[in-house]
Amino acid sequence: MRGQLRISPVLGDRCMNSGDDNFISVVVPARNAGRYIRRTLESALNQTHRAFEIIVVDDGSEDETAAIVTEMAGREPRIRLIRTQKIGVSAARNLAIAAACSDLIATLDADDLWHPEKLAKQLSVMHASGPHVGVVYCWSAGIDDDDHIILPAWTRSFAAGDVLRDIVVTGIVGNGSTPLIRRKFIEAAGGYDVDLELCEDWKFYTALAGVCEFAVIPECLIGYRLRRDSASMDVRPMEKAIERVTAWIVETWPLLPKSVLLDRDYNVNAYLAFLAIRKGLYREALRYLGRAYKARPGKLLGVSPVQFYLLIVGHMIGIRDYRWTFWRRTIRYCDQ
């Protein structure tokens, strides 16, 4: 993996808590996140667990992102801003991790939200777990630009322990704001791949699954922003990135059963179909669905085909709520 991470935390007064096994470093890559960054950082600052720092890497933003973070850092000493030219989300995360003071790293994307108990619950599970557990993850809900929950079940995995097969198939962690990770396993996995701008978190979590065990909190502690303008919603570049990660998986674990790769093929194409529907690319969505059901024809007998067709119809008439109870008023993530 190119761009392997060298762990060299900044020492001195900034890292006076580095030996505290309750202290957490929160790393936030941010590029042109001015619309969301304040709400994101406030959700981190509102944690019931208070022993943490927040390292924001401004990745060459051209909006007010740096100004907002600078203003918040002036009032909150736990926030630190690192500014760079545009280096990409993977390199920005690696830079923040290298500058972090803690042996526990929590990643947070610049537009997502955390439940107030997120860090406290993950830390409790991490301390109660054995030394081979390097990642504690949790569930997520999809939210819109105004923080309303539009997809309550973005991730719902119970996989724990050796999760390699599960993560290859479904990417159980779900997004870049979910895990609490032991730093030594980040180093063993090589950090985020700087050659990837999309799907980099799925590859990173898969690499982690190759060097440590996972634990799960079956609670929705993340509000994952489903932005239509997000790079992760660009279906064709995402398809290419996923293909690269799949090739890496096959090369790294050549003995994975074919059934695991077929399950991955189904889930990847179903995911791409969802992205295509959100972009209004309905023919592309049907193409991805065809590929998904070719991998796993038995899925045609379930409810998922009906759900996808309803999703297409809903998008065509302007519905962007995926709760299947869209006649009810949505609630904001912070109000649940």
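Count residues from 1 along the sequence. When reading the values below, keep in mind they use all heavy atoms of this one structure, side chains included, and skip hydrogens, waters and symmetry mates. Being a predicted model, the structure only gives us computed values, none of them experimental.
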Heavy atoms, side chains only, cut-off 4.5 Å: are [X] and [Y] in contact?
{"X": "V216", "Y": "S157", "answer": "no"}
{"X": "V260", "Y": "V169", "answer": "yes"}
{"X": "F204", "Y": "I186", "answer": "yes"}
{"X": "M238", "Y": "L198", "answer": "yes"}
{"X": "S177", "Y": "K118", "answer": "no"}
{"X": "C199", "Y": "R244", "answer": "no"}
{"X": "D109", "Y": "P29", "answer": "yes"}
{"X": "K121", "Y": "V125", "answer": "no"}

Atom pair [atom1] ([X]) and [atom2] ([Y]), whose distance is rounded to the nearest 0.5 Å:
{"X": "H132", "Y": "D162", "atom1": "NE2", "atom2": "CG", "result": "12.0 Å"}
{"X": "I97", "Y": "S102", "atom1": "CD1", "atom2": "OG", "result": "11.5 Å"}
{"X": "I54", "Y": "L81", "atom1": "CD1", "atom2": "CG", "result": "12.0 Å"}
{"X": "L104", "Y": "R183", "atom1": "CG", "atom2": "CZ", "result": "10.0 Å"}
{"X": "L272", "Y": "I242", "atom1": "CG", "atom2": "CD1", "result": "4.5 Å"}
{"X": "W253", "Y": "T206", "atom1": "CH2", "atom2": "OG1", "result": "6.0 Å"}

Between [X] and [Y] (side chain of the first, backbone of the second, donor and acceptor by atom type, cut-off under 3.5 Å), is there such a pair?
{"X": "H148", "Y": "I150", "answer": "no"}
{"X": "E200", "Y": "Y192", "answer": "no"}
{"X": "N46", "Y": "P116", "answer": "no"}
{"X": "S124", "Y": "A120", "answer": "no"}
{"X": "H49", "Y": "Q122", "answer": "no"}
{"X": "R31", "Y": "G88", "answer": "no"}
{"X": "D265", "Y": "L261", "answer": "no"}
{"X": "R291", "Y": "A270", "answer": "no"}

- Derivation and outcome, side-chain contact (heavy atoms from CB on, under 4.5 Å), residues V27 and I105: CA-CA 7 Å; V27 303; I105 305 295; 4.1 Å; yes
Compare every heavy atom of [Y] with every heavy atom of [X], then report the nearest pair and how far apart it is.
{"X": "I55", "Y": "A96", "answer": "CD1-O, 3.6 Å"}
{"X": "D146", "Y": "D144", "answer": "N-OD1, 2.9 Å"}
{"X": "G34", "Y": "D63", "answer": "N-OD2, 2.9 Å"}
{"X": "R78", "Y": "L45", "answer": "NH2-CD2, 3.9 Å"}
{"X": "T40", "Y": "A110", "answer": "OG1-O, 2.9 Å"}
{"X": "D193", "Y": "S90", "answer": "O-OG, 3.0 Å"}

- Intermediate values then yes/no, salt bridge (charged side-chain N to carboxylate O under 4.0 Å, His left out), R35 and D145: CA-CA 9 Å; R35 180 175 180 181; D145 285 353; 3.4 Å; yes
- Item | Residue that, paired with F52, satisfies side chain to side chain contact (heavy atoms under 4.5 Å, CB included) out of L123, I24, N22 | I24
- Note on the structure: Exactly one of W154, F158, Y224 clears side chain to side chain contact (heavy atoms under 4.5 Å, CB included) with W139, and that residue is F158
- Item | Criterion side-chain contact (heavy atoms from CB on, under 4.5 Å) on L151 and L226, from CA distance to verdict | CA-CA 9 Å; L151 184 55; L226 291 172; 4.1 Å; yes
Any side-chain donor-acceptor pair under 3.5 Å between [X] and [Y]?
{"X": "T107", "Y": "R93", "value": "no"}
{"X": "N267", "Y": "D263", "value": "no"}
{"X": "T155", "Y": "Y137", "value": "no"}

- Item | Row check, W202 ring normal vs R264 NZ/CZ: under 6.0 Å, within 45° | yes
Surrounding [atom1] of [X] (heavy atoms of other residues, nucleotides or ligands, distance under 6.0 Å), is the total greater than 12?
{"X": "K86", "atom1": "NZ", "answer": "yes"}
{"X": "R283", "atom1": "CZ", "answer": "no"}
{"X": "R156", "atom1": "CZ", "answer": "yes"}

- Would you call E187 and K184 a salt bridge, taking side-chain N to carboxylate O under 4.0 Å as the test? no
- Item | Electrostatic pair R225:D147 at N-O distance under 4.0 angstrom | yes
- Query: Can you tell which of E64, E71, E76 makes a salt bridge (charged side-chain N to carboxylate O under 4.0 Å, His left out) with R38?
  - Reply: E71
- Task: Applying side-chain contact (heavy atoms from CB on, under 4.5 Å), run through V136 and I217 and close with a yes or a no.
- Result: CA-CA 7 Å; V136 178; I217 298 173; 4.0 Å; yes
- Could you walk me through whether L289 and Y293 pass the side-chain contact (heavy atoms from CB on, under 4.5 Å) test, one step at a time? CA-CA 6 Å; L289 285 176; Y293 296 123; 4.2 Å; yes
- Query: When hydrophobic residues are tied together by side-chain contacts of less than 4.5 Å, even through go-betweens, does L41 share a cluster with V89?
  - Reply: no
- Decide salt bridge (charged side-chain N to carboxylate O under 4.0 Å, His left out) for E284 and R287; before the verdict, give the C-alpha distance in whole Å, the side-chain angles of both, and the deciding distance to 0.1 Å. CA-CA 5 Å; E284 287 288 289; R287 181 172 68 87; 3.0 Å; yes
